[in-house]
Each structure stands twice: as structure tokens, then as C-alpha cells.
There are 2 protein chains.
Amino acid sequence: MLRMASPRHPLVPGSASVLPVPISARNSAGFEAPAGMTAVPVVLAPLGGRLHVLLVRRGGPPDVGAWALPGGFMSRDERPDETAQRKLTEKTGVGAIYLEQLQTYADPDRDPRGWIPTIAYLALIDAAVLRADESQARWWPVDDPPSLAMDHGRIVADGVERLRGKLWWSNISVGLLPERFTMPQARRVFEAISGVRHEPSNFRRELERSGLVRATGELAKGGLGRPATLYEFVSRQPAWSLRRSRPPATVTRGRRVGTIRSS
Amino acid sequence: MLRMASPRHPLVPGSASVLPVPISARNSAGFEAPAGMTAVPVVLAPLGGRLHVLLVRRGGPPDVGAWALPGGFMSRDERPDETAQRKLTEKTGVGAIYLEQLQTYADPDRDPRGWIPTIAYLALIDAAVLRADESQARWWPVDDPPSLAMDHGRIVADGVERLRGKLWWSNISVGLLPERFTMPQARRVFEAISGVRHEPSNFRRELERSGLVRATGELAKGGLGRPATLYEFVSRQPAWSLRRSRPPATVTRGRRVGTIRSS
DNA sequence: TAAATAGTGTCTTTAAGACATTATCGC
DNA sequence: GCGATAATGTCTTAAAGACACTATTTA
């Protein structure tokens, strides 16, 4: 495969190669090609009871100085999720515990620099890292964000919607809770994400019913009041909840024919 | 914006510009760029009680002659969904009633021709068109497909999963049913998609409860037996079902504090 | 009027909502 | 023991499952 030793971030904001004029590209067959491809992680975390998103200030055009997602250019030999992970690590010093592709934004005029599609990822990092106040980045409440560069406002909104939508139907919250956690702790995280308060005993029942978590038998110590039982996720790999309340019943008696699908 | 009058499909299979060697591209800043960008519609439809996908034979490398999705190259001034629509129309003569972005596949080695990411779309077309047996294309059962070119097998699987997953939670079935339809007709379509048989009276209750459809008051005529009531979708725009059975209850009495979110 | 298909009613089971109550800690 | 927090139990309500039954057409 034809490849050359090229710098990893050909067009990073602030680099000398960034021009106020559009960039174009053509391929070896003579046709116009995308000028580049970017990947952006939408990093979400509950913080102080509210859901926050990690943003950085842009150091170059377009929208210099505006708040934006911490993305960057993909290189030829990198998978897009690797780019998202790498960019995230560069900004926060940690990798994502949970990373899932969100959407690709590729409208012809989305980036004034030229034809530059971007693949967005939903990224969830360890809660313990949240306190590390990196100088380059800042956490913003998703319900009250600053004005964002380009189409990044839309991308954040899509990420939030995905997280909220999957919260009860998958173990996506592995990315938001420590390895071992208590029920009240999980409840507060869920509440911060959805913006809704839950009745503690029902919350417990539902989360247990989901089949996603199990009690370790150990107790959390140190707090006020009765110590809480520690729970852990049954699997830390992406998994679906059992809760997904069912579509209409399958036919039983007379018509029982099993499923139609063959595989 | 710097643009040139370039042909729309720079690298279509079979064109003279396709070489057995990789294609590369570089941008005006001197860095390597994607050689091109493609969009592929995953066209799904129930046919003879089973879910099928529309495939074409590849006319050029890679995998010449293999079955593949009917995708094609994006041009500079086209949105990716427009490309998917256009490619679909070129193959079937119709546009998609429902089109939603699925995933982007951009691994560095996914296409032997070079760095060519592809954006996949889930596309649903009018059921009436299914019978038109276009020479270029063929319907294949999704549960028993042929071997597909490149990563298209994976893409089809992702499309099927999306359709099945959203079936009861959205009005995605607008793309699979005629404008006016009967309950038994809807049931057969749902059964073909999910591969599961439903108890007719419960199916009716659930679909009505979803709030997505309403009875027109008119009756279907012509068939055997009692004529069925015709239904229509309340909205043909993407919409969510009311069914989505709820996460744990919000707190009511003592702790009632409303929602946390501000917006 | 028989066969075929559509549509209604209803009883049972299960899940979810709304608490009251009990348990276990530190001070 | 008291305040604080965690956990359990249980009664009520609502949704879903499993039918039996009724309705309306054509042959």
C-alpha cells in the first residue's frame, strides 16, 4: 500500500499550514477528494449533579477562540476510533472507558476550510479523572453550553441524546461509574444524566432487574449512616439490558410456528 | 470556494480510471488525504414474509463480480444522504421514503483501492416498487445472504439490527408500508422484519397504543372475509412511539423537586 | 350457510409506581 | 438514643399475554 511518512496532524489548528483560504485535495486518478478527515470525541460526565461536556478553545481557524470539541485529523493508518481516543488522551491524559460511534457530519459546507467530514464519537471516561482540571479543557453543562464552533453544538446534542437514550437499555453507564459502586451512587449518576429524580427503592429494583449489575457482597465504608452494598457490572463490554419491555406477544398455542428467521 | 468541474463518479467500478493499484490523494497543504468518500444505502424490505436486502454485482475492483451494496462516490458539493439517495435512484428508479444514517466505516484497510471511508444509510423504499425486477439489482434474504464484497456483510448486519431495534419504538415502518394499510398487513410486515409471529389482537392493541397510527374509517375491499379497516400513520416524519416503557419512576411526594436539568 | 378473515372483550400475569417500614452506621 | 443514610416489603395501578368470542365478507 502506497504510504508516505507524513506528520500525523497535517492541519491542526494553529499550525503554520492553516490558511484562511480553503484547502482542497485531489487523488492520483485526478479527481477531487476530501481535504481531510477528522474525528471528535464527545466526552460526557456527570459533575455536581449535572451532565457536562468537555470542551476546548480553538487555537486556529475556523472560529478561532471559540469553544469546540477536542477533535483532530485522522491519519492514513489510523482507525477513526483510534483518532478519537488519541485526541482524548492528548487533552485529558486518559483514554475512554466507553467509546461508540455517534454520527458522521459531512455536509459540503460544514467546515469553511474545505471538504472535511468528521466522525463523532461518544466517549465516557473514568469519573476519578474529572477533578483533574486540565488547563486546555473545561467542563460545560450540556444544558447550558457556550456557543460552539461550526456544527459542534449539534454534535454535542446528538451525543447527549444517545447517552440518555441508552442509559436504561444498555450498560453504557460502565463508562460513568467506578468499577464498584453503591446503589445511591448509581442513582445520583443516572439522575444527573437524565435530569430526573428517581425513587430510591424503585431505582434499585429496576437496576437489579436489568441484569446488568450484581452485588459483590462487600460494603462501602466511611460514610454517614448505614453502609451501602457495593455493586459491579456483570460485564464491562457493551451489553443490553433485560429490561427492554417487550413488543407484542409472540403467538403461542394454535399458531405456534417458532420464529420465521432461519439463521 | 475552490472547485473544479469534475465528473461526479471519479472512481466508479468499471470506469477507465480504476486501477488495480491503490489510489492516493494529497491536499493543497501537502498532506495525505482520503482518496475519496463513498455512501452506500442498505435497502431493506419485507418480501414473501422475510426481510430482504437489495444487492448489486460489482462491475469493478475490488471483488469484481461479487455481490455488494449499491453505493457510490460522493462529490464535493453533495451531502452524503443525497449521494445515498442518488445511488438508490440510479439502481431502482425510486427514492427512499425513509433514510437514516447508520455508521461510517473508515478502517484504513477496508478498501484495497486506498483510503476510502464509506457512510452507510438505512434506506426503506415503497413496497410497491419491490416487484420491479431491475436487471442490475437483486433482493436477497438478510438471514441467508451471499458472500459480500469488502465489509458490506457487516454493514448489512448493522442495518438489519437498526431496523429491528427501532421497529416498535419509532414510526420507521412508514418506509415499509403503503400510505394506507390494514392491521393484518402491518402485522405481516412486522413479522417479516422481526422474524417473530404476533398474536393478532395484541398486535392491534399495541400498535394502536403506540400513538403512531390512526384508523381512517375506511375499509379495505376485495379480499376474502370481513373487510379490514384502513390505517395511516399520524405523521410520516420520523417520530417516536409512546410505548417506550419507562425508566424507574420520578420521585413524587416528599422529594418532589422537579427535574434537575435547567433547559 | 360454510369458510375465511377482521375485530372485540376479558381474564390472568407481570411490571411499575408509591410509599411505609425496618436496618445499620457515626456521634 | 438520634440523625442520617441504606435496604426491604407491600399495596396499588397499569401494561402485556392468552385466549374465547363476535362480526362481516365471499363462495
Side-chain angles (χ1 to χ4, degrees), chain A residues 167-169 180-191 194 196-231 241-257, chain B residues 49 167-169 177 180-191 194 196-231 241-257:
Chain A
L167 189 57
W168 278 102
W169 315 100
R180 310 216 292 179
F181 54 88
T182 67
M183 277 292 173
Q185 195 174 357
R187 179 167 49 79
R188 281 186 293 269
V189 165
F190 274 55
E191 288 177 341
S194 62
V196 163
R197 287 188 176 281
H198 294 297
E199 202 288 314
S201 72
N202 293 336
F203 177 90
R204 167 188 308 276
R205 183 176 63 194
E206 295 305 313
L207 190 52
E208 269 171 348
R209 249 186 65 78
S210 77
L212 297 170
V213 305
R214 74 172 146 239
T216 63
E218 283 162 283
L219 298 177
K221 48 197 159 197
L224 213 56
R226 175 175 175 177
T229 302
L230 285 170
Y231 286 78
S241 161
L242 306 176
R243 288 186 72 256
R244 12 186 182 177
S245 160
R246 59 257 153 143
T250 290
V251 165
T252 46
R253 254 195 355 193
R255 299 181 69 222
R256 186 191 292 284
V257 208
Chain B
L167 189 58
W168 278 102
W169 315 99
L177 284 163
R180 308 215 294 179
F181 54 89
T182 67
M183 277 291 171
Q185 195 174 357
R187 179 167 50 80
R188 282 186 293 269
V189 165
F190 275 53
E191 288 176 342
S194 62
V196 164
R197 289 191 175 278
H198 294 297
E199 202 288 315
S201 71
N202 292 337
F203 177 90
R204 168 188 307 275
R205 183 176 65 194
E206 294 307 312
L207 190 53
E208 269 171 348
R209 248 187 65 77
S210 77
L212 296 171
V213 304
R214 73 172 146 238
T216 64
E218 281 161 282
L219 298 177
K221 47 198 161 197
L224 211 56
R226 175 175 173 177
T229 302
L230 285 168
Y231 285 78
S241 162
L242 305 176
R243 288 185 74 259
R244 13 187 183 175
S245 157
R246 59 260 151 142
T250 290
V251 164
T252 46
R253 254 195 354 189
R255 298 182 66 223
R256 185 192 291 284
V257 210

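- Applying the side chain to side chain donor-acceptor pair (under 3.5 Å) test to pairs two or more places apart or on separate chains, those with a residue in residues 215-225 of chain B are B:R180-B:E218.
- Residue B:R188 contributes atom CZ, which lies 11 Å from atom C1' of C:dA6 at whole-angstrom precision.
- Rounded to an integer number of Å, the gap from CG of B:N202 to C1' of D:dA15 is 11 Å.
- B:S201 is linked by a side-chain hydrogen bond (donor to acceptor under 3.5 Å, both in side chains) to B:E199, counting only residues two or more places apart in sequence or in another chain.
- At a cut-off of 3.5 angstrom, counting only N and O atoms as typed in the model, there is a donor on one side and an acceptor on the other between the side-chain of A:S201 and the base of D:dG9.
- A distance of 6.5 Å separates CZ of A:R204 from OG1 of A:T229, quoted to the nearest 0.5 Å.
- Atom-to-atom, CZ of B:F203 to P of C:dT8 comes out at 15 Å; the value is rounded to the nearest Å.
- Looking at the side chain of A:R226, the nearest of the listed nucleotides C:dC19, D:dA16, D:dA6 is D:dA6.
- Here the side chains of B:M183 and B:V213 are in contact, with some heavy-atom distance below 4.5 Å.
- Between A:F190 and A:V196 the shortest side-chain heavy-atom distance does not fall below 4.5 Å.
- Distance, B:L207 CG to D:dA16 P: 12 Å, rounded to whole Å.
- A donor and an acceptor atom, one from each side chain of B:Q185 and B:Y231, are nowhere located under 3.5 Å apart.
- At the heavy-atom level, B:T182 lies nowhere under 4.0 Å from the strands shown.
- Mapped onto DNA chain C by nearest heavy atom, B:T229 and A:P227 fall at different nucleotides, with B:T229 at the one closer to the 5' end.
- The distance between atom NE2 of B:H198 and atom P of D:dA16, rounded to the nearest whole Å, is 13 Å.
- Less than 4.0 Å separates DNA chain C from at least one heavy atom of each of the following residues of residues 215-224 of chain B: B:L224.
- Within the 4.5 Å cutoff, the side chain of A:E191 has no heavy atoms near those of the A:F203 side chain.
- Protein atom CZ of A:R204 is 15 Å distant from nucleotide atom P of D:dT5, rounded to whole Å.
- Counting to the nearest Å, the C1' atom of C:dA6 and the CD atom of B:Q185 are 13 Å from each other.
- Residue A:G225 is the one, among A:G225 and A:E208, whose nearest nucleotide of DNA chain D lies closer to the 5' end (criterion: closest heavy atom).
- For C:dA16, neither phosphate oxygen OP1 nor OP2 lies less than 4.0 angstrom from any side-chain nitrogen or oxygen of A:R205.
- Between the P atom of C:dA16 and the CG atom of A:L242 lies a distance of 11 Å, rounded to the nearest Å.
- Not one side-chain nitrogen or oxygen of A:R209 sits closer than 4.0 Å to the OP1 or OP2 atom of C:dT14.
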